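Since the model is a prediction, treat every value here as computed from it, not as a measurement.
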Amino acid sequence: MILKTLVIDDEPLAQDIIRKYAEDVHSIEIKAFCNDAIEAIEELKSQKIDLIFLDINMPKLSGIEFIKTLTKPPLIVITSAYTNYALEGYELNVLDYLAKPFSFTRFFKAIQKAEQQLQQNRSPEPVEKLESIFVKSNKKSYQVNFKDISYIEGLGDYIKICTEKSHFVTNYSMKKIEDLLPKNEFIRIHKSFIVNLKKIISIEGNLVEVQNRKLAIGNNYRTEFFSIIGHKSI
């Protein structure tokens, strides 16, 4: 993750210190140094910024006033020799407050906080929903659509995947295939059986009829199974 960063400070020495510190931190890229908030506003219009290092006492518009103009501000770290602005800064949801002169260690901690915050703010990547798998059976690989599976039977180190038209014996564990199956469509009813809920023909006592075969419901799976069936009943 590279943090696109803006430095807003009217003191050349303060800019130089941040520039020097940033050279040793590979996770930030300083896109611009601004001498006042007006320059910064123009920069924000032209490019996306993740993080701002912001001085408080500046000409034209103070750092606090600048923050108040932003509707969707980037992460902001205040850099100031005046600690009396710290409370007001935090009330404006600034990420951190560095009292000048600050050390490289303190600067680096602020960068780490920014990285953690951005990571939390980012939406997780959508997980691609599997609709089928390839299984190796009789020296061939077959594509099996989940919707076609009626039930799966455990056979020691192997499993038998049963569809209405065929079945495939393959070297999968029950746990491995269970993790791959859509959770809202399949349920394990026994240590040796996983069934497709849409393929259940009937339920009688401790037996589930699927594809003209009656499968036993194990004691350890009864509660969850009947709970799910109950939610689907009318």
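Tracing side-chain contacts under 4.5 Å through hydrophobic residues (I, L, V, M, F, W, Y), one reaches I228 starting from F226; they form part of the same cluster. Residues L181 and V169 fall into different hydrophobic clusters, defined by Ile, Leu, Val, Met, Phe, Trp and Tyr side chains chained together at heavy-atom separations under 4.5 Å. Note on I189 and I229: same hydrophobic cluster, where clusters join Ile, Leu, Val, Met, Phe, Trp and Tyr whose side-chain heavy atoms are under 4.5 Å apart, directly or indirectly. Note: the hydrophobic cluster containing V25 also contains F102 (ILVMFWY, side chain heavy atoms under 4.5 Å, direct or indirect links). Taking hydrophobic clusters as Ile, Leu, Val, Met, Phe, Trp and Tyr residues chained together by side-chain heavy-atom distances below 4.5 Å, L98 shares a cluster with L13.
Taking the side-chain contact (heavy atoms from CB on, under 4.5 Å) definition, one finds that N35 meets it with Q15, E39, sequence neighbours left out. Residues passing the side-chain hydrogen bond (donor to acceptor under 3.5 Å, both in side chains) test with N220, sequence neighbours excluded: none. Applying the ring pair (Phe, Tyr, Trp, His ring centres under 6.0 Å) criterion to F66, with sequence neighbours excluded, gives no partner residue. For D179, the salt bridge (Lys or Arg N to Asp or Glu O under 4.0 Å) criterion is met by K175, not counting sequence neighbours. Residues meeting the side-chain contact (heavy atoms from CB on, under 4.5 Å) test with S103, sequence neighbours left out: T105, R106. In terms of the ring pair (Phe, Tyr, Trp, His ring centres under 6.0 Å) criterion, residue partners of Y142 (sequence neighbours excluded) are, by chain and number, F168. Checked against side-chain contact (heavy atoms from CB on, under 4.5 Å), E42 has the following partners two or more places apart in sequence or in another chain: K45. The side-chain contact (heavy atoms from CB on, under 4.5 Å) test applied to E65 returns L61, S62, not counting sequence neighbours.
Side-chain contact between I78 and I56 is present, with at least one heavy-atom pair separated by less than 4.5 Å. For the pair V210 and V195, the minimum side-chain heavy-atom distance is below 4.5 Å. When side chains are defined from C-beta on, L75 counts as touching L118, because their heavy atoms get closer than 4.5 Å. Using a 4.5 Å heavy-atom cutoff, the side chains of V144 and S132 are not in contact. Within the 4.5 Å cutoff, the side chain of L6 has heavy atoms near those of the L44 side chain. For the pair E115 and K113, the minimum side-chain heavy-atom distance is 4.5 Å or more. At a threshold of 4.5 Å between non-hydrogen side-chain atoms, the residues V7 and I30 count as touching. A 4.5 Å side-chain heavy-atom check between N184 and L197 finds every atom pair outside the cut-off.
Separating the CD1 atom in I64 from the CG atom in L54 is a distance of 7.5 Å, to the nearest 0.5 Å. Residue L3 holds its CG atom at 12.5 Å from CD1 of I52, rounded to the nearest 0.5 Å. Residue D50 holds its CG atom at 10.0 Å from CD of E29, rounded to the nearest 0.5 Å. For the atom pair CG (L215) and CD1 (I203), the distance works out to 11.5 Å, reported to the nearest 0.5 Å. Atom CG of N196 sits about 11.0 Å away from atom CD1 of I194, to the nearest 0.5 Å. The CZ atom of R19 sits 11.0 Å away from the CD1 atom of I17 when rounded to the nearest 0.5 Å.
For the pairing with T5, the side chain to side chain contact (heavy atoms under 4.5 Å, CB included) check across I111, L51, V77 returns one residue only, L51.
Heavy-atom neighbours of Y221 OH from other residues, nucleotides or ligands within 6.0 Å: above the threshold of 12. Heavy atoms from other residues, nucleotides or ligands lying under 6.0 Å from NZ of K4 number 12 at most. For E204, the CD atom sits in a loose shell: 12 or fewer heavy atoms of surrounding residues, nucleotides or ligands are nearer than 6.0 Å. Atom CD of E185 has more than 12 heavy atoms from other residues, nucleotides or ligands within 6.0 Å.
One finds no salt bridge joining E178 and K176 here, because no Lys/Arg side-chain nitrogen approaches an Asp/Glu carboxylate oxygen to under 4.0 Å. At a threshold of 4.0 Å, the pair D55-K100 counts as salt-bridged, since one of the basic side-chain nitrogens sits closer than that to a carboxylate oxygen.
A donor-acceptor pair under 3.5 Å is absent between the side-chain atoms of N138 and the main chain of K140, judged by distance alone. Within the 3.5 Å criterion, the main-chain N or O of F225 finds no donor-acceptor partner in the side chain of R222. Side-chain N or O atoms of S202 include none that pairs as donor or acceptor with a backbone N or O of E209 at under 3.5 Å.
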Test side chain to side chain contact (heavy atoms under 4.5 Å, CB included) applied to I177 and I133, step by step
CA-CA 10 Å; I177 192 67; I133 55 170; 3.5 Å; yes

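Between the side chains of Q47 and E43, at least one donor N or O lies within less than 3.5 Å of an accepting N or O.
A pairwise comparison of heavy atoms in L207 and A216 identifies CD2-CA, 4.0 Å as the closest pair.
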For residues 146-163, please give each side-chain donor-acceptor pair under 3.5 Å, one per line with the distance, not counting sequence neighbours.
{"residue": "S150", "atom": "OG", "partner": "Q211", "partner atom": "OE1", "Å": "2.6"}
{"residue": "Y151", "atom": "OH", "partner": "R213", "partner atom": "NH1", "Å": "3.4"}
{"residue": "E153", "atom": "OE1", "partner": "R213", "partner atom": "NH1", "Å": "2.8"}
{"residue": "T163", "atom": "OG1", "partner": "K165", "partner atom": "N", "Å": "3.4"}
{"residue": "T163", "atom": "OG1", "partner": "S166", "partner atom": "N", "Å": "3.0"}
{"residue": "T163", "atom": "OG1", "partner": "S166", "partner atom": "O", "Å": "3.0"}

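A ring-ring contact (aromatic ring centres under 6.0 Å, His included) check over residues 17-64, counting only residues at least two apart or in different chains, returns the pairs Y21-F104, Y21-F107, F53-F107. Screening residues 67-83 for salt bridge (Lys or Arg N to Asp or Glu O under 4.0 Å) gives K68-E88 as the qualifying pairs, with residues at least two apart or on separate chains. Contacts classified as ring-ring contact (aromatic ring centres under 6.0 Å, His included) and involving residues 173-219 (residues at least two apart or in different chains) are given here: H190-F193.
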